Amino acid sequence: MRLSRYFLPVLKETPSEAQIASHRLMLRAGMIQQASAGIYSWLPLGYKVLRRIEQIVHEEQIRAGHIPMLMPTVQSAELWRESGRYDDYGEEMLRISDRHGRDMLYGPTNEELITDIFRSHVRSYRDLPLTLYHIQWKFRDEIRPRFGVMRGREFLMKDGYNFDLTKEDALHAYNRHLVSYLRSYERMGLQAIPMRADGGPIGGDYTHEFLVLADTGESEVFYDSAVTDLSFGDRAIDYDDVEQCQGILEEFTSRYARTDETHDETLFADIPEDRRRSARGIEVGQIFYFGTKYSEPLGATVQGPDGQSTPVHMGSHGIGVSRLLGAIIEANHDDKGIIWPEGVTPFQCGIVNLKQGDAQADAACEDLYAALTGRGLEPLYDDRDERAGAKFASMDLIGLPWRITVGPRGLKAGVVELTSRRTGVSEELSPEVAVARVAEIYA
RNA sequence: CGGGGCGUGGCGCAGUCUGGUAGCGCACCUGUUUUGGGUACAGGGGGUCGUGAGUUCGAAUCUCGCCGCCCCGACCA
């Protein structure tokens, strides 16, 4: 993409409503624009990152054997009355009525709909196990939205639902989700720690929350520092292997790690003192096993091998896709701007032309652009007629992990400069080597 | 919903207390200049001061209502 043809409305000054780094930087980098309290338009740059995150979530869910679909945002109140949650959910649910005066709602979650789909079509235990998920916009009418996309009213969320014949099968589904979530977060450059959590309005007593450590997090967390040494890495995983999934769950959840909701001072005190940590965390996902809580009232049953009708065991699992942008920025920024992890960056590499209009510099940039594109990468070429300082400031702000700087001075010596946004370290390289280096980083 | 604050060109703000017909910086347009970390100079465009009613000869400024937004708290992913 050439910056002169893109839409990137960066701000030099910070809009006054933004309090925390991620909100401030998303506004300044031209990623989002507030439409009303807690509701945002996603401008091209923000939309690009949102789609990257969404893509990672899709890939990892499909890899785990879960099946993508899409349910509507607007739902009928009928199903919610049936489950008993229409009254329980409270003011947080946005209630609307259609032209006929029928009660409708903008879905805050999808247990009712998915269960209805399931009970309409699934009759036999032979159709199990089944895990369906979708990535769709939700609305929760927060009393006080804040922190930009971290705590919006409208938000994009992946939510999935597993249906199993037995509790054992459902717990394996639970484990699969834990593993697939760990992989997803790691690909986004985040360390998200599974912590024992509270069921909340979704219900269920078997549940973990995934938290990213950050000073601006909404939750207070307590953990054994040994959990932050764990990483998934690129280990091979067979999602049908019950023992392997169980082993990974144990590896990642056996050490003490809890939010303040479930924190237990006595257990915490058993951790060696030098490993005890308390910090703040941003919740980026949660998984639940809730047994037959929804399948019984809604009549989601299958016939078992014995011919008896039995309610299915269910679980649900969510990843806050839009809020992840905020979490990633909270965990990856400095005073100049965002620093995208390679896995989610909107463009893999920036090209800064220090002297737009100089025939040699222009040609060198065009060559780099073509070479990077040819390697399957998407560079952002700053071809505006701006001063070097302005171009650098914009690049630093939008946070592309790598930048190639091209100027007449370097070209005389046959080199361009490859700079890491994260470390600030620059290397002078021939254009060919610089391209090869960037391609290798993303290989 | 309780407490606090804000609403003035696209963004950040001053002016409001003490009423007299709107100003600064950035951004934008034109020209010159400059060119390796947000150049400098000159010229220029753009605002019914959130909104409605009232007080007044006169309201951004005073009074009342309404709307919107932000912060703290309770709530929440």
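To find a chain, count down the sequence lines: A is the first, B the second, and so on, and within it residues start at 1. Since we're looking at a predicted model, the values are computed, not measured.
Partners of A:Y223 by ring-ring contact (aromatic ring centres under 6.0 Å, His included), not counting sequence neighbours: none found. The ring-ring contact (aromatic ring centres under 6.0 Å, His included) check on A:Y181 picks up A:F210, with sequence neighbours excluded.
The distance from atom CG of A:L354 to atom P of B:U39 is 13 Å, rounded to the nearest whole Å. Distance CD (A:E220) to C1' (B:C76): 17 Å, rounded to an integer number of Å. Distance, A:Q286 CD to B:C76 C1': 11 Å, rounded to whole Å. Taking atom CE on A:M195 and atom P on B:A77, their separation rounds to 16 Å, with Å as the unit. Distance OH (A:Y185) to P (B:A77): 13 Å, rounded to an integer number of Å. Going from atom CG of A:D260 over to atom P of B:A77 covers 12 Å, rounded to whole Å. When rounded to the nearest whole Å, the span between NZ of A:K391 and C1' of B:U34 equals 15 Å.
Between the base of B:C76 and the side chain of A:R151 there is a donor-acceptor pair shorter than 3.5 Å. The base of B:G37 lies close enough to the side chain of A:R403 for a donor and an acceptor atom to sit less than 3.5 Å apart. The base of B:G38 is not paired with the side chain of A:E386 by any donor and acceptor separated by under 3.5 Å.
Contact between the side-chain N/O atoms of A:S16 and the OP1/OP2 oxygens of B:C13 is found at a separation under 4.0 Å. Between A:Q34 and B:G68 there is no side-chain polar atom (N or O) within less than 4.0 angstrom of OP1 or OP2. Put simply, A:R387 has a side-chain N or O that comes within less than 4.0 Å of OP1 or OP2 on B:U39. Checking the phosphate oxygens (OP1, OP2) of B:A27, a side-chain nitrogen or oxygen of A:K12 falls inside 4.0 Å. Here A:R146 reaches the OP1 or OP2 of B:G73: one of its side-chain N or O atoms lies under 4.0 Å away.
Of the C1' atoms belonging to B:C13 and B:G19, the separation is 22 Å, rounded to the nearest Å. Rounded to whole Å, the separation between the P atoms of B:G10 and B:G31 comes to 25 Å. Between B:G9 and B:C49, the distance separating the two C1' atoms is 10 Å to the nearest Å. Nucleotides B:G58 and B:G45 are separated by 31 Å at their P atoms, to the nearest Å.
Summary of the strand contacts: A:A393 and A:F147 both lie near RNA chain B, and taking for each the nucleotide with the nearest heavy atom, the more 5' one is attributed to A:A393. Nearer the 5' end of RNA chain B, as judged by each residue's closest nucleotide, is the contact made by A:P15, out of A:R323 and A:P15.
Closest to the A:A37 side chain, of the nucleotides B:G36, B:G73, B:C69, is B:C69. Nearest nucleotide to the side chain of A:E142, out of B:C70, B:C76, B:G37: B:C76.
Residue A:E209 is out of contact with every strand shown, counting any heavy-atom pair closer than 4.0 Å. Nucleic acid contact for A:G326: none, since no nucleic acid atom lies under 4.0 Å from a heavy atom of the residue.
Pairing for B:G37 is absent, with no Watson-Crick or G-U wobble pair whose two atom distances lie under 3.5 Å. The base-pairing partner of B:C69, taking Watson-Crick or G-U wobble contacts with both distances under 3.5 Å, is B:G5. Pair check for B:G25 finds B:C11; Watson-Crick or G-U wobble, both atom distances under 3.5 Å.
Classification of A:E330 and A:R280 as a salt-bridged pair fails, no side-chain N sitting under 4.0 Å from a carboxylate O.
Note: A:E54 CD to A:I319 CD1 = 11.5 Å, rounded to the nearest 0.5 Å.
Remark: aromatic rings of A:H66 and A:Y133 are distant, center separation not under 6.0 Å.
Looking at A:W402 and A:Q348, their side chains never bring a donor and an acceptor atom within 3.5 Å of each other.
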